[in-house]
**Q** 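This is the structure, below, for whatever I ask next.
Chain naming here is simple, since letters A, B, ... match the order of the sequence lines and numbering starts at 1 in each. Bear in mind that the values here come from a model prediction, so they are computed numbers and not experimental data.
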Amino acid sequence: MKSALSGLLRPYGGWSLRSSMRFNPLTAIGASVLTLIVLLAFIGPLLLQNDPLTVNMSERLLQPSWQYPLGTDHLGRCMFSRLAAGARTTLGIAALALAAVTLIGIPIGLLSGYRRGRIDAILMRIVDAVGAFPDFIMAIAFTGFLGPSLTNLMLSIILVNWIGYARVVRGIVLAEREKEYVLAARAAGCSSGTIIWRHLQPNIISPVIVLAALDIGKMILIIASLSYVGLGAQPPSPEWGAMLNDGRPYFQANPSLMIYPGLAIMLVVISCNLISEGVRDRLDVKGTVFGKGGGAR
Amino acid sequence: MTQLLAVSGLNKTYADDGRTVHALRDVSLHISVGECLGVVGESGSGKSTLVRLLLALERPDSGEAMLDGVPMFQLKPKELRAMRRHIQVVFQDPSAALNQRLPIWRSIMEPLDNFPDEKPAFLADVRHSRRETAVRLLEMVGLQAAHLDRYPHELSGGQKQRVAIARGISLGPKLLICDEPTSSLDVSVQAQMLKLLKELKRELGIAYLFISHDIAAVSMMSDRFIVMKEGQIVDRFARGQLLGEERHAYTRELVAAAT
């Protein structure tokens with residue numbers, strides 16, 4: 001892990017930890033907002049012991065108060081507690097899915113790019129086949145087929161999203177493996193494992209982090225969207241997209257039932273995108289992979 | 001002289017956009033122990049393909065290379081790996097040939113880290129750490145211990161190429177392939193680099209395959225040299241043969257361009 005970390009913090013050798021922590025202001029805002037939301041999601045329930053699932057019909061659709069900081073929903077459940085629980089669900093699932101797609105996509109990309117030949121052809125046809133469908137449609141089809149649940153939603157996200165990592169990693173490996181320092185390492189008798197770990201891995205880690213930061217926003221959006229149409233989290237479990245759907249009938253009388261979860265989704269997704277942008281600039285990932293930014297080596 | 005490397009009938013083709021490109025056609029050559037064989041040719045003449053084949057990074061379509069009587073292209077992966085320490089390389093562009101993310105002593109020590117039991121005679125008296133071994137290698141190519149922890153981007157082009165040469169000789173190879181080792185350097189540095197390579201050859205008795213498009217540099221470095229064009233050897237110069245005696249029209253062009 002040491003080489004991964006030093007490669008990340010000092011991509012060209014001479015950088016200090018402090019300079020790599022200096023991000024642009026928008027990224028700092030994004031990071032602060034996301035941190036705040038995560039903190040609220042985990043600390044909120046300790047400060048405010050309302051159960052997000054307890055129905056209390058005598059206290060439905062209340063205005064914000066000390067007891068219920070964001071009011072209650074149509075079944076008298078505390079909105080704040082539900083949002084906090086929803087954050088844990090959504091962010092947790094997105095994090096799990098992200099871990100899974102990187103663990104699947106990176107090795108496949110490495111294998112494909114490093115071995116080339118037939119194995120590359122086969123793997124890349126699979127990637128093309130999965131990538132041929134819009135990922136949202138794939139996710140709907142998959143959850144529709146396996147039955148709506150959060151687990152299946154997560155599986156469908158994993159199924160669709162690993163290909164991005166495989167593609168990016170393969171592209172980098174294909175380009176790097178022909179460079180003279182890799183040839184020199186091979187001539188020096190390095191094993192494939194050493195070459196991949198010591199020479200290729202530092203090149204893939206930055207783009208993968210940027211891609212992951214972009215993806216997490218996208219994943220949160222898919223989780224919320226599919227839950228909204230009823231293919232993800234099932235009632236009564238609190239999930240932002242499902243909460244949007246719950247609040248829909250009350251929109252005219254009580255718009256806050258939709259505004260709060262909508263705002264939460266928006267803030268998290270924007271924060272993730274801002275962070276990914278800052279990370280991309282900071283890590284100086286080449287423009288060819290992500291369209292923008294980058295620069296000479 | 002004892003023969004070190006004998007290459008016979010090497011052919012290599014690549015598929016490029018559906019067309020077949022003959023990178024090497026029936027290339028045969030031999031190098032004796034401690035000798036420098038020069039190879040002159042423009043880009044696309046098959047020089048780089050020859051390098052990749054001799055480093056066993058690729059296999060030829062046909063032909064064989066015997067290193068000390070061992071057929072290189074018939075070795076099993078494990079034997080191939082053991083053979084690698086006998087043939088090392090110095091590439092054209094030292095910035096590309098050194099991993100930018102590693103301090104240079106790690107790059108220098110990479111071959112010896114892979115073959116820890118194969119310390120060459122000139123390093124036998126360095127008993128202690130890997131860093132001390134790296135210092136010795138740096139000193140052999142005219143750098144100092146102070147450069148040990150530098151990163152490639154902190155060094156000049158000539159210094160980087162010295163680092164690459166240090167890595168190339170670290171295993172005490174029998175053959176060092178120099179693939180245009182001076183082409184990316186300033187003119188003033190080129191001469192120093194040739195001088196260094198000559199000294200190392202004399203001290204360590206390493207044979208060179210010295211590749212360049214610069215016929216003047218090749219004739220200065222080499223005991224014998226060959227001229228390549230479009231994957232074929234079109235001219236051969238024996239020891240002591242002068243540049244004025246060239247026979248092939250292409251060689252005349254090269255000489256005319258150089259003078």
**Q** Going from CG on Asn11(B) to OG1 on Thr49(B), what distance comes out if it is rounded to the nearest 0.5 angstrom?
**A**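 Rounded to the nearest 0.5 Å, the CG-OG1 separation comes out at 11.5 Å.
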**Q** Would you check if Ile206(B) and Leu200(B) make a side-chain contact, meaning some heavy-atom pair closer than 4.5 Å?
**A**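 Result no, sub-4.5 Å side-chain heavy-atom pair not found.
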**Q** Only pairs of heavy atoms separated by less than 4.5 Å count here; which of Arg85(B), Arg52(B), Arg150(B) has the most with chain A?
**A**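 Looking at each of Arg85(B), Arg52(B), Arg150(B) in turn, Arg52(B) comes out on top.
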**Q** I want to check something: taking the side chain as every heavy atom from C-beta on, are Arg198(A) and Arg106(B) in contact at a cut-off of under 4.5 Å?
**A**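 SC-SC contact between Arg198(A) and Arg106(B) confirmed.
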**Q** Quick check on Asp113(B) against chain A: is it the side chain, the backbone, both or neither that has a heavy atom closer than 4.5 Å?
**A**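 Answer is neither: Asp113(B) stays 4.5 Å or more from chain A.
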**Q** For the residue pair Glu180(A) / Gln92(B), report whether a side-chain donor-acceptor contact shorter than 3.5 Å exists.
**A**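 Distance-only check fails for Gln92(B) and Glu180(A).
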**Q** Can you confirm whether the side chains of His153(B) and Gln100(B) place a donor and an acceptor under 3.5 Å from each other?
**A**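 The answer is no; no qualifying pair exists.
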**Q** Let me know if Arg167(B) has heavy atoms under 4.5 Å from chain A in its side chain, its backbone, both or neither.
**A**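 Only the side chain of Arg167(B) comes within 4.5 Å of chain A.
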**Q** Could you have a look at Asp93(B), Val89(B), Leu55(B), Ile87(B) and say which one has the most heavy-atom pairs with chain A under 4.5 angstrom?
**A**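 Among Asp93(B), Val89(B), Leu55(B), Ile87(B), the one with the most close pairs to chain A is Asp93(B).
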**Q** Which bit of Leu102(B) comes within less than 4.5 Å of chain A, counting heavy atoms only: side chain, backbone, both or neither?
**A**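 It is the side chain, since no backbone atom gets that close.
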**Q** Any chance the side chains of Asn203(A) and Arg101(B) put a donor and an acceptor closer than 3.5 Å?
**A**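 The criterion, which ignores hydrogens and geometry beyond distance, is satisfied for Arg101(B) and Asn203(A).
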**Q** Taking every heavy-atom pair that is under 4.5 Å apart, which of Ala185(A), Ala188(A), Ala184(A) has the most such pairs with chain B?
**A**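 The option with the most such pairs is Ala188(A).
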**Q** Taking side chain as everything from C-beta outward and backbone as N, CA, C, O, which of these in Leu57(B) sits under 4.5 Å from a heavy atom of chain A? Side chain, backbone, both or neither.
**A**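 Both backbone and side chain of Leu57(B) come within 4.5 Å of chain A.
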